Amino acid sequence: MTETATTSRAQRFRERIPTLLVWYCRIVALASILSALSPRTNERIDRLPDYILFSLGFLLGVPSIGFGVLMLMLGAAVRRRKRVAWWLLMVLGLFVGPLGWLAISALLYDVSSSDLQPLAPLIVAFVVQALFIAVVIWSRKLFYAVFDAANFRRALVVLAVSLALSTILGVTLVAQNDANPSTDLGDQALYTLKAGMAGTGIWWYDTAVEVPHWVDVTVNLIGSVMILAVAWALFQPRRGTVRHQADDDARLRALMDKFGDQDSLGYFNLRQDKAVMWSPTGKAAVAYRPVGGVSLASGDPIGDVEAWPGAIEAWLAEARQHGWVPAVMGASEEGGKVLSRFGLDAIELGDEAVVEVDDFTLEGRAMRVVRQAYNRVERAGYTTRIRRHADIPAEEMAWLVRKADDWRDGAVERGFSMALGRLGDPADGQCVMVECLDGAGTLRALLSFVPWGTKGLSLDLMRRERGTENGLVEFMVIDLIKAGPEHKVERVSLNFAMFRSIFDRAGRIGAGPFLRLARVVLTLFSRWWQLESLYRANMKYRPVWEPRYVCFPKARDLARIAIAAGRAEGFIALPTPRFLHLRRKPELAAAPPPEQPGED
């Protein structure tokens, strides 16, 4: 065998080491949890011969639920190649096994030669431990995800708070259930520490405390919560710093002027809470936001298609550096094909409704319901006013922004992939405002559209006063389509309909049981997220349906990506205690809303 072949084989084995370490963490976690929950399992482990106990010490773990779940979290961090996970593996390799046992014994007792018998199993255990440490050291360069120093400070705060709370709860529980009247508070506190940190029956110093096994499990669960809280703080994903600067905005707008017709979602990448990763040539960029360990982009890259690979490579490289999961929400079919070349898989997320102005008509039986609704609103005296944002006086725009805020459903401004989130910004003068006025000239509803290149519009904001007549939104959309030639608009992108194909195909003759079941489930979720209502609202206009995809590296990451997308879109809010908000580098944040004068 040649030297090159040997080196290549060694390199391939080295690249598999993190995967092997992940499975090691999972096996230790399972053994730890089982031995903590079952006293018999722990007793059986203690009865194993010494050579097995020493040699397999790395796989037996510690009888503790908290330690077991901690190992699961460590395995997840190893899979994401986090640098802090490598350091914890080194600590584990040094202190779990004969080296750790010998070090602790030397500190607490006088170790004699008789304590090292039988010697042969101990030597084997030392060799196994040395090999583990050597393998971890050999793979150190594969753990490239940087560590956030703020996480260490947060972990110390969490440790102090949770240690105090868990000690109070644990000691109280042990003291109330202790059957031995001769024990004192010190014995009970030591027993609580023992049961809370590592389960019972493994420390050298035993106390006279006598409590039922359920107390051991409960105290261990309390200690486990403390351990997991500290691990959660330590393993938090590194957050990005603000990088969407004024220069980035100017460069993005220059690309939008040249390539804005490519993607209806392109203008939404000008959001201030999105960082920008540029291609080496500067002819393309990926706009994204780090959310919960996910580098979340939306739509296709901006710019020249030939330069997309350079921007995607830079974006993926940064995701690897920080241990983020790269994901794209709402990529087009062309964007999905390009992203697939970089190892990302794609599944259809839904469809975007695009109305071609020249092809739209209210005539025909298929449009009868929409035509009747439009005529009813028109007979009621409603009218529309369509203007570019730049043509609206500043004071009037501020008043419109205030009305839009008053009509918002909830306190959170939702949107990320198909929402700009800054109505009335002077930089968005080419956006289009559609206002709906009643017979008395009072504003009752409004729509705002962002530019889609030079000949299109994409829906950004839709608000109407509560209690107003049904059909106002349809009335405004149709008036905008009718006025399309006047404003040089050839196509209009409306709302995005998630899972549209399921709703559509499940209602046809011959739909299978799986499709029908999927539709029932989606209909249930529509009570909260308006999945079916958005599809039916868009279907009225007989649009062209453009499929949109979610791109991701592995199927196992979909749940994490879904949570990150829900947080970015404003549907999921994760509360964080105030004491965890430590000083750190500024995070990506949306620009503050413009000041609004009082309403006349």
Side-chain angles (χ1 to χ4, degrees), residues 144-146 237-291 293-332 334-344 346 416-418 420-422 425 427-428 430 450-454 458 549-553 564 568 585-591:
Y144 41 72
V146 293
R238 183 178 175 89
R239 302 180 181 183
T241 55
V242 173
R243 275 199 270 161
H244 193 124
Q245 306 296 339
D247 179 62
D248 289 323
D249 202 69
R251 295 172 66 187
L252 287 175
R253 290 181 183 275
L255 289 181
M256 293 297 299
D257 291 340
K258 295 179 63 177
F259 305 100
D261 292 321
Q262 294 176 167
D263 187 11
S264 61
L265 306 187
Y267 199 88
F268 298 117
N269 286 319
L270 296 175
R271 287 176 61 106
Q272 297 299 314
D273 59 353
K274 290 184 178 180
V276 184
M277 183 60 65
W278 293 93
S279 67
T281 61
K283 294 182 179 180
V286 173
Y288 66 97
R289 176 182 168 189
V291 184
V294 176
S295 182
L296 191 65
S298 60
D300 296 338
I302 306 171
D304 189 352
V305 176
E306 298 296 328
W308 283 8
I312 294 172
E313 285 180 351
W315 169 60
L316 293 176
E318 189 195 43
R320 287 192 297 270
Q321 179 187 5
H322 293 282
W324 297 331
V325 176
V328 180
M329 301 294 296
S332 70
E334 182 178 9
K337 289 179 180 178
V338 176
L339 288 164
S340 66
R341 301 174 196 166
F342 294 87
L344 297 185
F416 172 75
S417 56
M418 295 188 69
L420 194 58
R422 55 167 194 255
D425 193 304
D428 304 317
Q430 290 304 303
V450 300
W452 175 6
T454 57
S458 187
Y549 301 86
V550 54
C551 301
F552 54 94
K585 295 180 180 180
E587 256 194 285
L588 296 169

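Counting from 1, the numbers follow the sequence of the chain as shown. What you see is a predicted model, and the numbers here were worked out from it, not measured in a lab.
- Between Val294 and Trp324, the shortest heavy-atom distance links the atoms C-CB, 4.4 Å.
- For the pairing with Trp308, the side-chain contact (heavy atoms from CB on, under 4.5 Å) check across Val286, Leu339, Asp300 returns one residue only, Asp300.
- A distance of 8.0 Å separates CD1 in Ile312 from CG in Leu344, rounded to the nearest 0.5 Å.
- For the pair Lys274/Ser298, a side-chain contact is recorded, criterion being any heavy-atom separation below 4.5 Å from C-beta on.
- A pairwise comparison of heavy atoms in Ser279 and Ala311 identifies CB-N, 3.4 Å as the closest pair.
- Scanning both residues, Gly453 and Asp261, for their nearest heavy atoms gives CA-OD1, 3.0 Å.
- By the 4.5 Å heavy-atom criterion applied to side chains, Glu334 and Val305 are counted as neighbours.
- The distance from atom SG of Cys551 to atom CE of Met329, rounded to the nearest 0.5 Å, is 10.0 Å.
- You'll find the side chain of Phe259 reaches within 4.5 Å of the side chain of Asp304, heavy atoms only.
- In this structure, the side chain of Ser458 does not engage the main chain of Trp452 through any donor-acceptor pair within 3.5 Å.
- Rounded to the nearest 0.5 angstrom, Tyr288 OH and Leu296 CG are separated by 12.0 Å.
- Asp249 has a carboxylate O that lies under 4.0 Å from a charged side-chain N of Arg253, or vice versa, which qualifies the two as a salt bridge.
- Rounding to the nearest 0.5 Å places CG of Asp248 at 6.0 Å from CH2 of Trp278.
- Atoms OH and CE, from Tyr267 and Met418 in turn, are 15.0 Å apart once rounded to the nearest 0.5 Å.
- For the atom pair Leu270 CG and Leu420 CG, the distance stands at 7.0 Å (nearest 0.5 Å).
- Contact detail for Trp315 and Ala297: the closest heavy-atom pair is CZ2-CB, 4.1 Å.
- Closest approach of Gly266 and Met256 over heavy atoms only: C-CE, 3.6 Å.
- Residues Pro553 and Val325 share a closest heavy-atom pair of CG-CG1, 3.8 Å.
- With Asp263 contributing its side chain and Pro301 its backbone, the two residues share no donor-acceptor pair below 3.5 Å.
- In terms of modelled atom types and a separation under 3.5 Å, the side chain of Gln262 and the main chain of Ile302 share no donor-acceptor contact.
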